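The basis for the numbers below is simple: all heavy atoms, side chains too, and nothing from hydrogens, waters or symmetry mates. Note on naming: letters A, B, ... go to the chains in the order of the sequence lines (proteins, then strands), and numbering restarts at 1 for each one. All values derive from a computational prediction rather than experimental measurement.
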There are 2 protein chains.
Amino acid sequence: MSDYAHEAQGGTFLLPRHPHRTEDCRAISEILQRVGDKWTVLVVGKLGDGPLRFNELRSAVGGISQKMLTTTLRGLERDGFVTRTVFPTIPPRVDYELTDLGYELLVPVGALGDWARKNTERVKAARARFDGLHA
Amino acid sequence: MSDYAHEAQGGTFLLPRHPHRTEDCRAISEILQRVGDKWTVLVVGKLGDGPLRFNELRSAVGGISQKMLTTTLRGLERDGFVTRTVFPTIPPRVDYELTDLGYELLVPVGALGDWARKNTERVKAARARFDGLHA
DNA sequence: CGGGATCCTACGGGATACTG
DNA sequence: CAGTATCCCGTAGGATCCCG
């Protein structure tokens with residue numbers, strides 16, 4: 001089972017021959033929903049620059065409520081993307097840090113981010129055109 | 001501004017030096033939320049094998065309500081990922097097909113999918129461990 | 001400082017019925 | 001066949017108050 005070429009404006013792409021089996025698409029969909037919520041990539045991105053404490057992370061991300069930061073971090077910890085280290089001092093100190101798995105996740109997510117940066121204008125143009133037609 | 005290496009289990013990764021500026025992370029977050037809903041990648045994936053009619057797509061995806069298929073397709077059309085072609089026959093016939101932009105989107109999304117397939121076990125293990133500890 | 005507990009609202013998304 | 005219109009529910013996510 002080899003690949004086949006697909007021609008498009010940006011160049012030629014190699015697409016797997018039976019690329020879109022439902023199970024695979026489901027797996028993709030799941031991970032995308034996992035990282036597709038409002039805050040996950042922001043948090044992971046900030047932690048990609050090094051470990052941070054709770055409120056450091058909060059102000060670094062900006063605009064996130066403390067409830068959602070907690071929820072997001074718990075989810076990331078549960079899935080093994082982030083470690084949580086508690087220092088039993090007064091006042092307490094809690095550090096969050098990416099695991100290896102977390103750093104590795106940054107790679108494909110970054111690739112999608114590159115694509116996003118390169119193509120936002122095309123999307124915005126398409127959107128403006130569509131909205132103009134269906135005004 | 002060069003890159004720096006990050007060592008992890010799977011190998012060594014190159015991360016950009018100032019990779020996680022808030023604006024960039026926002027852009028990434030937006031595209032991820034765009035494709036991170038329940039059905040978008042399933043629909044785009046199926047259309048990646050070629051154009052399909054509405055109900056062909058519906059049964060190909062499987063489990064999607066007609067309301068959500070319509071909503072999903074309208075969104076994809078609006079953003080320029082999909083074209084909608086109406087044949088004014090009786091009964092009507094409507095074809096949906098990926099644009100070049102849609103095909104190009106498949107590339108980074110597929111990369112994330114590959115990552116997902118390779119790492120689901122690690123995530124599941126981490127999750128089981130976390131749930132065991134916090135039982 | 002780093003949360004937990006609660007309340008509230010908006011919206012994603014399913015089920016069903018109707019239409020050109 | 002390919003939708004539109006309506007109703008309904010669950011959950012994401014914000015605001016607020018409280019605690020060790």
Start and end of the DNA chain D segment that chain A contacts, any atom under 4.0 Å from a heavy atom: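 Span of nucleotides near chain A: dG13(D) to dG20(D).
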Pull out every residue in residues 76-89 of chain A that has a heavy atom closer than 4.0 Å to any atom of DNA chain D, ordered by number, or say none.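 Close to the strand, none.
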Approximate separation, where rounding is to 0.5 Å, of [X] [atom1] and [Y] [atom2]:
| X | Y | atom1 | atom2 | result |
| --- | --- | --- | --- | --- |
| Thr83(A) | Leu73(A) | OG1 | CG | 10.5 Å |
| Asp79(B) | Phe130(A) | CG | CZ | 9.0 Å |
| Leu32(A) | Asp37(A) | CG | CG | 11.5 Å |

Whichever of Gly36(B) and Arg74(A) has its nearest DNA chain C nucleotide further upstream toward 5':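 Closer to the 5' end of DNA chain C: Arg74(A).
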5'-most by nearest nucleotide on DNA chain C - Ser65(B) or Val94(A):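 Between the two, 5'-proximity favours Val94(A).
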Under 3.5 Å side-chain donor-acceptor pair for Lys46(A) and Thr22(B):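 Short answer, yes.
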Is it the case that Gln33(B) and Ser29(B) place a side-chain donor and acceptor less than 3.5 Å from each other?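 Result is yes, a qualifying pair exists.
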Heavy atoms under 4.0 Å, any strand shown: does Lys67(B) hit a base, just sugar-phosphate, or nothing?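 Answer is base: heavy atoms of Lys67(B) come under 4.0 Å of a base.
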Please classify the nucleic acid contact of Arg58(A) as base, sugar-phosphate, or nothing, using heavy-atom distances under 4.0 Å.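 The residue Arg58(A) makes no contact with any strand.
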Of all nucleotides in DNA chain C with an atom under 4.0 Å from a non-hydrogen atom of chain B, which is the first and which the last going 5' to 3'?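 With heavy atoms of chain B under 4.0 Å away, the range is dG13(C) to dG20(C).
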CA sep, side-chain torsions, deciding dist, call: Glu121(B), Lys124(B), salt bridge (Lys or Arg N to Asp or Glu O under 4.0 Å): CA-CA 5 Å; Glu121(B) 288 312 314; Lys124(B) 279 169 64 179; 3.8 Å; yes
Chi angles and distances behind the salt bridge (Lys or Arg N to Asp or Glu O under 4.0 Å) call for Arg122(A), Glu104(B): CA-CA 12 Å; Arg122(A) 288 166 79 185; Glu104(B) 294 171 37; 2.9 Å; yes
Establish whether Ile64(B) and Val94(B) are linked, either directly or via other cluster members, by ILVMFWY side-chain heavy-atom contacts under 4.5 Å.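 Ile64(B) clusters together with Val94(B).
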Please say yes or no: joined through hydrophobic side-chain contacts below 4.5 Å, possibly via intermediate residues, are Leu76(B) and Val86(B) part of one cluster?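 In one cluster with Leu76(B): Val86(B), yes.
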In terms of the nearest nucleotide of DNA chain D, which residue is placed more toward the 5' end: Gly63(A) or Pro92(A)?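 Its nearest nucleotide lies further toward 5', so the answer is Gly63(A).
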Above 12 or not: heavy atoms from other molecules or residues under 6.0 Å from CD1 of Ile90(B)?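 Open: at most 12 neighbouring heavy atoms sit under 6.0 Å from CD1 of Ile90(B).
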Counting only heavy atoms not in Arg129(B), do more than 12 fall under 6.0 Å of its CZ?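 Open.
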